[in-house]
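Beneath this line is the structure, given in structure tokens, with notes to follow.
Protein chains get the first letters and strands the later ones, always in sequence-line order, with residue 1 at the start of each.
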Amino acid sequence: MSGVRTRFAPSPTGHLHVGGARTALFNFLYARHHGGTFVLRVEDTDRERSTDESTRAILESMRWLGLDWDEGPYFQSQRTRLYLEHVERLLEEGKAYRCDCPPEVVEAKRQRALIEGRKPKYDGTCRARTDVDPSKPHVVRFKAPQAGATVVPDLLRGEVVYDNEELDDLVILRTDGAPTYNFVVVVDDALMGITHVIRGDDHLNNTPRQIQLYRALGYPLPRFAHVPMILGPDKKRLSKRHGATSVEAYRDAGFLPEALVNFLARLGWSHGDQEIFSLQELIDRFDLGGVGRSASVFNEDKLLWLNAHYIKECPQDRLVDLVRPFLERKGYETANRDKLGVLVEAFRARCKTLAEFAEKATPYFVREIEVDPAAAKKYLKASIAPVLADLLEAFRAVERWDVPSLERAFLEVVEGKHALRIGKAAQPLRVAVTGTTVSPGIFETLMLVGREWALERIERALEMARARAAG
RNA sequence: GUCCCCAUCGUCUAGCCUGGCCCAGGACACCGGCCUUUCACGCCGGCGACGGGGGUUCAAAUCCCCCUGGGGACGCCA
């Protein structure tokens with residue numbers, strides 16, 4: 001195991017977002033590629049919004065994606081003492097100070113600054129005070145350097161320079177005694193020996209503050225890599241209003257984990273012209289050099305294409321297992337694995353998601369089907385009635401309900417007796433047994449529907465065709 | 001408003017660091033064709049981009065500057 005240690009640190013305030021999942025994936029891949037350790041840490045310092053339910057959901061999504069962590073999950077809510085000790089230390093060393101400015105006052109000043117076009121930062125009212133009463137409500141602020149500049153060395157962007165005047169004295173301990181994000185992140189990353197902090201671009205601006213904290217605390221800096229964000233089709237930060245954004249939602253919509261992983265990896269990272277990567281291949285090939293610098297738009301069409309690809313590739317046994325819950329959700333009987341196997345083979349090239357599979361499989365699980373009116377109008381005409389009647393008779397006589405027998409019977413009637421082209425009869429028959437104009441090969445379809453249902457559906461279609469003759 | 005980041009087909013991207021092999025390659029989507037009992041799959045083909053302007057150079061997608069555009073951050077959220 002190399003010295004590389006990365007981490008993923010979600011806050012449990014909702015489901016695992018695809019953006020978060022990609023960050024997790026990059027950290028996972030980087031650690032695995034370098035033979036390092038991938039740490040999972042739950043940032044639940046915000047007691048108000050954090051829930052156990054979210055934690056469960058996030059861990060489950062991570063497992064589903066195959067992003068196994070080597071250490072953790074650690075919970076920040078259980079490490080409060082550590083943080084308080086660090087706050088205390090900064091206080092003692094004069095690197096932090098107590099501030100009892102009322103929140104409303106600070107907020108009002110910020111608003112005014114914003115309106116007046118100034119940088120909305122804390123004005124340092126309490127910075128030099130020594131008379132703040134520790135027994136009264138107050139926060140603790142970090143005494144940030146006021147002159148000079150702080151440089152963020154970033155593996156992807158080079159050295160990003162921030163004028164220290166841009167940064168103010170951030171709160172590190174809230175009035176309620178809870179430490180804040182920017183502070184605990186530094187303490188934890190330092191204590192956990194994280195060597196590479198790989199995270200979203202949106203954190204780049206937090207980094208100079210964090211670097212100042214590392215320095216104040218006397219901890220060595222990890223390496224930083226700020227990866228580009230994922231945007232919605234409107235180029236805005238991807239959010240719920242763009243539709244499904246949680247890993248869970250994609251799972252429920254019938255995406256395979258390998259498709260999502262492959263897709264997420266290719267968002268912001270590339271390896272030449274290659275598009276398809278297994279998780280192992282990603283581990284072998286992933287490195288920061290292949291990561292881009294510009295934000296990328298989440299393109300669902302490509303995800304769909306990848307998903308279709310993986311459905312086509314999926315071994316039958318697993319595909320049957322994957323498809324089952326989707327069928328069950330629709331109340332279909334899934335005990336017959338052989339039937340599912342045949343069905344899955346018939347439809348794997350025709351579905352982009354597992355949900356779509358379940359949708360398309362309806363005529364093979366539900367006895368009463370609806371016949372699409374447009375299809376009926378076009379194909380179940382009076383002229384086809386004699387053919388359907390003969391087919392019905394021929395199929396009734398068929399000994400074995402399998403593809404070769406059905407094909408033989410069909411050809412005898414259609415090409416033999418009626419001298420029709422195959423398509424002329426296949427389409428009406430398809431409409432008869434599936435209610436639609438689209439399905440796998442007609443003999444395969446007949447077989448999938450099964451003798452009993454097929455015969456009764458043909459009978460019904462025959463009635464419809466004859467009715468057209470009458471009317 | 002201030003600061004920071006970014007900028008190749010509609011989208012994901014290769015190429016950029018180490019200028020010439022690029023009148024820019026691949027993929028998704030789209031359009032056409034082939035295959036075919038329908039639909040898919042598959043195969044073949046097409047459409048389509050270096051944001052603009054200045055430099056530097058014999059030569060720039062590649063280096064520099066400005067502009068424009070987009071994104072992000074400015075919390076007692078993370």
Side-chain angles (χ1 to χ4, degrees), chain A residues 9-13 43-46 48-50 76 99 101 103 106-107 110 113-122 137-141 152 154 156-157 160-163 165-168 170-182 184-185 200-208 226 228-229 231 233 235-237 263 266-276 289 292-306 308 312 346-352 360 375 379 410 414 421-427 429-431 434 436-443 445:
Chain A
S11 61
T13 55
E43 310 221 319
D44 55 353
T45 49
D46 184 349
E48 296 287 298
R49 300 195 302 157
S50 299
Q76 290 186 326
C99 163
C101 290
V106 175
E107 179 56 26
R110 170 177 299 112
L114 229 29
I115 290 164
E116 290 171 7
R118 286 179 293 113
K119 186 88 183 168
K121 54 178 207 176
Y122 179 62
H138 66 279
V139 299
V140 175
R141 286 181 185 275
V152 177
D154 188 276
L156 295 170
R157 291 157 213 282
V160 183
V161 183
Y162 290 85
D163 200 320
E165 280 176 31
E166 292 298 323
L167 283 7
D168 64 354
L170 78 155
V171 171
I172 58 176
L173 194 71
R174 302 183 181 97
T175 307
D176 67 1
T180 60
Y181 166 76
N182 277 113
V184 299
V185 158
D201 223 352
D202 48 337
H203 285 281
L204 185 57
N205 291 314
N206 282 327
T207 313
H226 289 92
M229 308 194 34
L231 274 26
K235 305 269 181 114
K236 297 273 186 236
R237 187 196 186 106
F263 175 70
R266 281 288 287 103
L267 224 45
W269 174 82
S270 63
H271 182 74
D273 286 339
Q274 191 172 341
E275 297 287 351
I276 305 293
R293 280 172 298 276
S294 51
S296 28
V297 172
F298 192 93
N299 177 200
E300 230 181 75
D301 276 334
K302 190 137 184 184
L303 208 206
L304 240 15
W305 171 74
L306 277 165
K312 272 176 262 168
F347 281 97
R348 70 191 318 156
R350 289 168 232 262
C351 300
K352 291 188 193 300
K360 290 209 161 111
Y379 293 105
F410 175 89
V414 176
R421 281 189 297 123
I422 293 173
K424 283 286 179 198
Q427 267 318 73
L429 187 53
R430 175 169 284 115
V431 172
T434 68
T436 72
T437 56
V438 172
S439 86
I442 187 62
F443 309 119
T445 300

Please work out if [X] contacts a base, only the sugar-phosphate, or nothing of the nucleic acid, heavy-atom cut-off 4.0 Å.
{"X": "P440(A)", "value": "base"}
{"X": "K236(A)", "value": "sugar-phosphate"}
{"X": "V185(A)", "value": "nothing"}
{"X": "N182(A)", "value": "base"}
{"X": "H226(A)", "value": "nothing"}
{"X": "C101(A)", "value": "base"}
{"X": "R421(A)", "value": "nothing"}
{"X": "F347(A)", "value": "nothing"}

Assess whether side-chain contact (heavy atoms from CB on, under 4.5 Å) is satisfied between V431(A) and T437(A), documenting all intermediate values.
CA-CA 5 Å; V431(A) 172; T437(A) 56; 4.1 Å; yes
Tell me: [atom1] of [X] to [atom2] of [N], nearest whole Å?
{"X": "Q427(A)", "N": "U36(B)", "atom1": "CD", "atom2": "C1'", "answer": "12 Å"}
{"X": "L306(A)", "N": "A29(B)", "atom1": "CG", "atom2": "C1'", "answer": "13 Å"}
{"X": "D163(A)", "N": "C74(B)", "atom1": "CG", "atom2": "C1'", "answer": "15 Å"}
{"X": "L170(A)", "N": "A78(B)", "atom1": "CG", "atom2": "C1'", "answer": "13 Å"}
{"X": "L304(A)", "N": "A27(B)", "atom1": "CG", "atom2": "P", "answer": "18 Å"}
{"X": "N205(A)", "N": "U2(B)", "atom1": "CG", "atom2": "C1'", "answer": "11 Å"}
{"X": "Y162(A)", "N": "G72(B)", "atom1": "OH", "atom2": "P", "answer": "15 Å"}
{"X": "I172(A)", "N": "G75(B)", "atom1": "CD1", "atom2": "C1'", "answer": "15 Å"}

Taking any strand in view, what nucleotide pairs with [N] in a Watson-Crick or G-U wobble way, both distances under 3.5 Å?
{"N": "A14(B)", "answer": "none"}
{"N": "A49(B)", "answer": "none"}
{"N": "A61(B)", "answer": "none"}
{"N": "U2(B)", "answer": "A73(B)"}
{"N": "C43(B)", "answer": "G33(B)"}

side-chain contact (heavy atoms from CB on, under 4.5 Å) between H226(A) and V160(A), intermediate numbers included
CA-CA 11 Å; H226(A) 289 92; V160(A) 183; over 6 Å; no
To the side chain of [X], which of [options] is closest?
{"X": "A426(A)", "options": "C76(B), C39(B), U37(B)", "result": "U37(B)"}
{"X": "V171(A)", "options": "A73(B), C4(B), C76(B)", "result": "C76(B)"}
{"X": "F443(A)", "options": "A73(B), U37(B), C28(B)", "result": "U37(B)"}

Taking atom [atom1] in both [N] and [M], compute the distance separating them and give it to the nearest angstrom.
{"N": "A60(B)", "M": "G54(B)", "atom1": "P", "answer": "13 Å"}
{"N": "C31(B)", "M": "C39(B)", "atom1": "P", "answer": "15 Å"}
{"N": "C74(B)", "M": "C28(B)", "atom1": "P", "answer": "39 Å"}
{"N": "G32(B)", "M": "U68(B)", "atom1": "P", "answer": "42 Å"}
{"N": "U36(B)", "M": "C41(B)", "atom1": "C1'", "answer": "11 Å"}
{"N": "G20(B)", "M": "C12(B)", "atom1": "C1'", "answer": "28 Å"}
{"N": "C63(B)", "M": "U18(B)", "atom1": "C1'", "answer": "12 Å"}
{"N": "G15(B)", "M": "C22(B)", "atom1": "P", "answer": "15 Å"}

Between R141(A) and V160(A), which has a closest nucleotide on RNA chain B that is more 5'?
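Taking each residue's closest nucleotide, the earlier one in sequence belongs to V160(A).
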Ring pair (Phe, Tyr, Trp, His ring centres under 6.0 Å) partners for Y181(A), two or more places apart
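Y181(A): ring pair (Phe, Tyr, Trp, His ring centres under 6.0 Å) contacts with H203(A).
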A side-chain contact here means heavy atoms from C-beta on lying under 4.5 Å apart; do V414(A) and K424(A) qualify?
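No, their side chains stay 4.5 Å or more apart.
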Just so I know, are the side chains of Y122(A) and V171(A) near enough to count as touching, which here means a heavy-atom distance under 4.5 Å?
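Answer no - side chains too far apart.
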Can a side chain N or O of [X] be found less than 4.0 Å away from OP1 or OP2 on [N]?
{"X": "R157(A)", "N": "G72(B)", "result": "no"}
{"X": "R430(A)", "N": "C39(B)", "result": "no"}
{"X": "T45(A)", "N": "A78(B)", "result": "yes"}
{"X": "K312(A)", "N": "G42(B)", "result": "yes"}

One pair to check against side-chain contact (heavy atoms from CB on, under 4.5 Å): R157(A) and V152(A). What are the steps and the verdict?
CA-CA 9 Å; R157(A) 291 157 213 282; V152(A) 177; over 6 Å; no
Who passes side chain to side chain donor-acceptor pair (under 3.5 Å) against R293(A), sequence neighbours left out?
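Testing R293(A) for side chain to side chain donor-acceptor pair (under 3.5 Å), a comparison that skips the adjacent residues, returns none.
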Quick one: side chain to side chain donor-acceptor pair (under 3.5 Å) partners of D168(A), sequence neighbours excluded?
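D168(A) satisfies side chain to side chain donor-acceptor pair (under 3.5 Å) with R209(A) only.
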Take nucleotides 12-21 of chain B nucleotide by nucleotide from the 5' end and write B, S or -, depending on whether a protein heavy atom sits under 4.0 Å from the base, only from the sugar-phosphate, or from neither.
BSS-------
Verify whether one side chain among T445(A) and S439(A) offers a donor that lies under 3.5 Å from an acceptor in the other.
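The answer is yes; a qualifying pair exists.
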Examine the base of [N] for any acceptor or donor lying under 3.5 Å from a partner atom in the side chain of [X], and report the outcome as yes or no.
{"X": "N206(A)", "N": "A78(B)", "answer": "yes"}
{"X": "T175(A)", "N": "C76(B)", "answer": "yes"}
{"X": "R350(A)", "N": "C41(B)", "answer": "no"}

How would you list, by chain and number, every residue that makes a salt bridge (Lys or Arg N to Asp or Glu O under 4.0 Å) with E116(A), sequence neighbours excluded?
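Here the qualifying residues are R118(A).
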Using the test salt bridge (Lys or Arg N to Asp or Glu O under 4.0 Å), find all partners of R266(A) that sit at least two apart in sequence or belong to another chain.
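Only E275(A) meet the salt bridge (Lys or Arg N to Asp or Glu O under 4.0 Å) criterion with R266(A).
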Centroid distance below 5.5 Å plus an interplanar angle below 30 degrees: do H203(A) and A73(B) meet both conditions?
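No, aromatic ring not over the base.
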